[in-house]
A.B. asks: 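Below you'll find the structure I mean.
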Amino acid sequence: MPKKTTKPGKALATTARATRETHHALVGSSDVVRVDAVFRVPAVHPTQIGPWSAEADKISWTDMATGYGCIIRRSPVGKHLCGYVSVPPSHPLFGRGTETLGDHLVGVHGGLDYAAACQAREPEPVSICHPSGREGSSRGARSSGQNVYENDVARGHDDAWWFGFSCNHLGDVKPEADYKRHKDQALLAGVADPVYRTEAFVYRECLRLAVQLMAIAQGRDPRDADPGPVSTVNDPYRNRM
């Protein structure tokens with residue numbers, strides 16, 4: 001009898017732990033921020049010791065300034081962090097791919113490299129989707145020993161369209177990469193020293209992305225709303241006029 005196949009997302013989420021943290025201390029700064037859910041997923045967490053050791057592997061929250069859902073999520077490949085911001089169906093960019101955004105100069109670390117619908121069918125700890133379901137109400141959550149939470153501001157994100165960026169560019173340290181080779185490549189390209197992009201870095205870039213997306217929704221130029229990059233190294237629009 002053939003063995004049942006397991007979806008990659010389900011396999012990664014099997015031993016995940018979720019906590020209901022209304023506030024989370026961001027690794028990489030002294031900031032404590034309001035969040036909706038925090039997940040720790042051993043299957044995607046770096047095995048080597050580094051500045052990422054105390055970090056979570058997914059953090060979900062709602063940006064109070066814009067009402068947009070935000071996520072910090074660790075990539076299963078490279079184990080670096082990525083950031084995502086969602087927009088509702090009423091947004092002018094809803095449903096659009098990154099290749100169609102040339103007329104909107106959105107500044108964010110490395111540029112936008114992700115655009116897709118909410119992964120509502122994927123396990124919560126590894127999905128690019130906002131928290132859903134009340135504590136203990138999810139059959140999948142109960143079977144894997146994890147808790148999934150929902151609050152008033154998180155509802156309605158299942159039909160959201162997510163835009164994202166990655167911290168795996170030249171000058172970014174990827175936890176599972178060969179650091180010496182990575183550094184040599186960066187030096188050849190004129191980058192003094194590769195840097196690991198922490199939770200705090202990605203959080204601030206998510207807020208930066210959110211205000212620009214809100215500006216587009218209001219018919220304004222996102223460049224006028226852009227507070228500026230946390231770091232200019234990988235901002236494709238850092239020299240915008």
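As the structure is a computational prediction, the values presented were derived from the model and not from experiment.
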A.B. asks: Do D36 and T62 touch side chain to side chain, with heavy atoms closer than 4.5 Å?
C.D. replies: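 Yes, side chains in contact.
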A.B. asks: To the closest 0.5 Å, what do you measure between OH (Y203) and CD1 (I71)?
C.D. replies: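 Answer rounded to 0.5 Å: 13.5 Å.
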A.B. asks: Listed by chain and number, what are the salt bridge (Lys or Arg N to Asp or Glu O under 4.0 Å) partners of D31, not counting sequence neighbours?
C.D. replies: none
A.B. asks: Residues in salt bridge (Lys or Arg N to Asp or Glu O under 4.0 Å) with R96, at least two apart?
C.D. replies: D103
A.B. asks: Report yes if some heavy atom in the side chain of E122 is under 4.5 Å from a heavy atom in the side chain of C129; otherwise report no.
C.D. replies: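 They are not in side-chain contact.
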A.B. asks: Look at the side chain of K58 and the backbone N and O of R40, then say whether any donor-acceptor pair between them is shorter than 3.5 Å.
C.D. replies: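 Here the side-chain-to-backbone pair does not exist.
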A.B. asks: Between S86 (side chain only) and G69 (backbone N and O only), is there a donor and an acceptor less than 3.5 Å apart?
C.D. replies: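 Between the backbone of G69 and the side chain of S86 there is a qualifying donor-acceptor contact (under 3.5 Å).
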A.B. asks: Transitively linked via ILVMFWY side-chain contacts under 4.5 Å: I59 with V27?
C.D. replies: no
A.B. asks: Are L213 and F94 in one and the same hydrophobic cluster, where Ile, Leu, Val, Met, Phe, Trp and Tyr link if side-chain heavy atoms are under 4.5 Å apart?
C.D. replies: yes
A.B. asks: So do V32 and L26 actually touch side chain to side chain, heavy atoms under 4.5 Å?
C.D. replies: no
A.B. asks: Could you state whether V33 and W61 fall into the same hydrophobic cluster, counting links through intermediate Ile, Leu, Val, Met, Phe, Trp or Tyr residues with side-chain heavy atoms under 4.5 angstrom apart?
C.D. replies: yes
A.B. asks: Provide the closest heavy-atom pair for D63 versus A210 in the form atom of the first, atom of the second, distance.
C.D. replies: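 Scanning both residues, the minimum pair turns out to be OD2-CB, 3.5 Å.
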A.B. asks: Where do C206 and G83 come nearest, in terms of heavy atoms and distance?
C.D. replies: SG-CA, 3.7 Å
A.B. asks: Please assess R73 against L81 for the test side-chain contact (heavy atoms from CB on, under 4.5 Å), listing each intermediate value before the final yes or no.
C.D. replies: CA-CA 6 Å; R73 173 182 175 268; L81 296 178; over 6 Å; no
A.B. asks: Let me check something: do I216 and M214 share a hydrophobic cluster, defined by ILVMFWY side-chain heavy atoms less than 4.5 Å apart, either directly or through other members?
C.D. replies: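 Yes; tracing contacts between hydrophobic side chains, which count when under 4.5 Å, links both residues.
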A.B. asks: Checking E55 now: which residues fulfil salt bridge (Lys or Arg N to Asp or Glu O under 4.0 Å) with it, not counting sequence neighbours?
C.D. replies: R74
A.B. asks: Measure the shortest side-chain to side-chain distance between W162 and V85 over non-hydrogen atoms and say whether it is less than 4.5 angstrom.
C.D. replies: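 The answer is no; the side chains never approach within 4.5 Å.
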A.B. asks: Any donor and acceptor pair, going by atom type alone, linking the side chain of E205 with main-chain N or O of V108 inside 3.5 Å?
C.D. replies: no
A.B. asks: Quick check: closest heavy atoms across G110 and H169, and the distance to 0.1 Å?
C.D. replies: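 Looking at all heavy atoms of both residues, the shortest contact is CA-NE2, 3.4 Å.
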A.B. asks: Is the distance between the ring centroids of H80 and Y196 under 6.0 Å?
C.D. replies: no
A.B. asks: If you take all heavy atoms of G78 and P175, which pair is closest and at what distance?
C.D. replies: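 For G78 versus P175, the nearest heavy atoms are O-CD, 3.2 Å.
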A.B. asks: Checking ring pair (Phe, Tyr, Trp, His ring centres under 6.0 Å) against Y84, which of Y114, F165, Y68, W161 comes through?
C.D. replies: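 The option that passes is Y114.
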A.B. asks: Taking the side chain as everything from C-beta on, heavy atoms only, tell me whether C167 gets closer than 4.5 Å to V202.
C.D. replies: yes
A.B. asks: H104 vs D221, test: side-chain hydrogen bond (donor to acceptor under 3.5 Å, both in side chains). Steps then yes/no.
C.D. replies: CA-CA 8 Å; H104 295 286; D221 191 324; over 6 Å; no
A.B. asks: Test your reading of the model: is there a side-chain donor-acceptor pair from H45 to the backbone of S53, 3.5 Å cut-off?
C.D. replies: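 At least one qualifying donor-acceptor pair exists.
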A.B. asks: Judged by atom type as modelled, is there a donor-acceptor pair below 3.5 Å linking the side chain of R208 to the main-chain atoms of P227?
C.D. replies: no
A.B. asks: A side-chain contact here means heavy atoms from C-beta on lying under 4.5 Å apart; do L101 and L112 qualify?
C.D. replies: yes
A.B. asks: Report yes if some heavy atom in the side chain of P222 is under 4.5 Å from a heavy atom in the side chain of L105; otherwise report no.
C.D. replies: no
A.B. asks: Between D57 and V41, is there a donor-acceptor pair closer than 3.5 Å when you use the side chain of the first and the backbone of the second?
C.D. replies: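 Yes.
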A.B. asks: Show, in sequence, the C-alpha distance, side-chain angles and deciding distance for S166 and D113, and conclude whether the side-chain hydrogen bond (donor to acceptor under 3.5 Å, both in side chains) test is met.
C.D. replies: CA-CA 7 Å; S166 305; D113 59 12; 2.8 Å; yes
A.B. asks: Is a side-chain N or O of D226 found less than 3.5 angstrom from the main chain of R223, in a donor-acceptor match?
C.D. replies: no
A.B. asks: Could you tell me whether R197 and D172 have a side-chain N and a carboxylate O separated by less than 4.0 Å?
C.D. replies: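 Yes, R197 and D172 are salt-bridged.
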A.B. asks: Is the side chain of E199 donor-acceptor paired with the backbone N or O of A56 at a distance under 3.5 Å, no angle test?
C.D. replies: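 Between the backbone of A56 and the side chain of E199 there is a qualifying donor-acceptor contact (under 3.5 Å).
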A.B. asks: What distance separates K79 NZ from Q48 CD, expressed to the nearest 0.5 Å?
C.D. replies: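 Taking NZ in K79 and CD in Q48, the distance rounds to 9.5 Å.
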A.B. asks: For the atom pair OG (S75) and CG (N168), what is the distance rounded to the nearest 0.5 Å?
C.D. replies: 7.0 Å
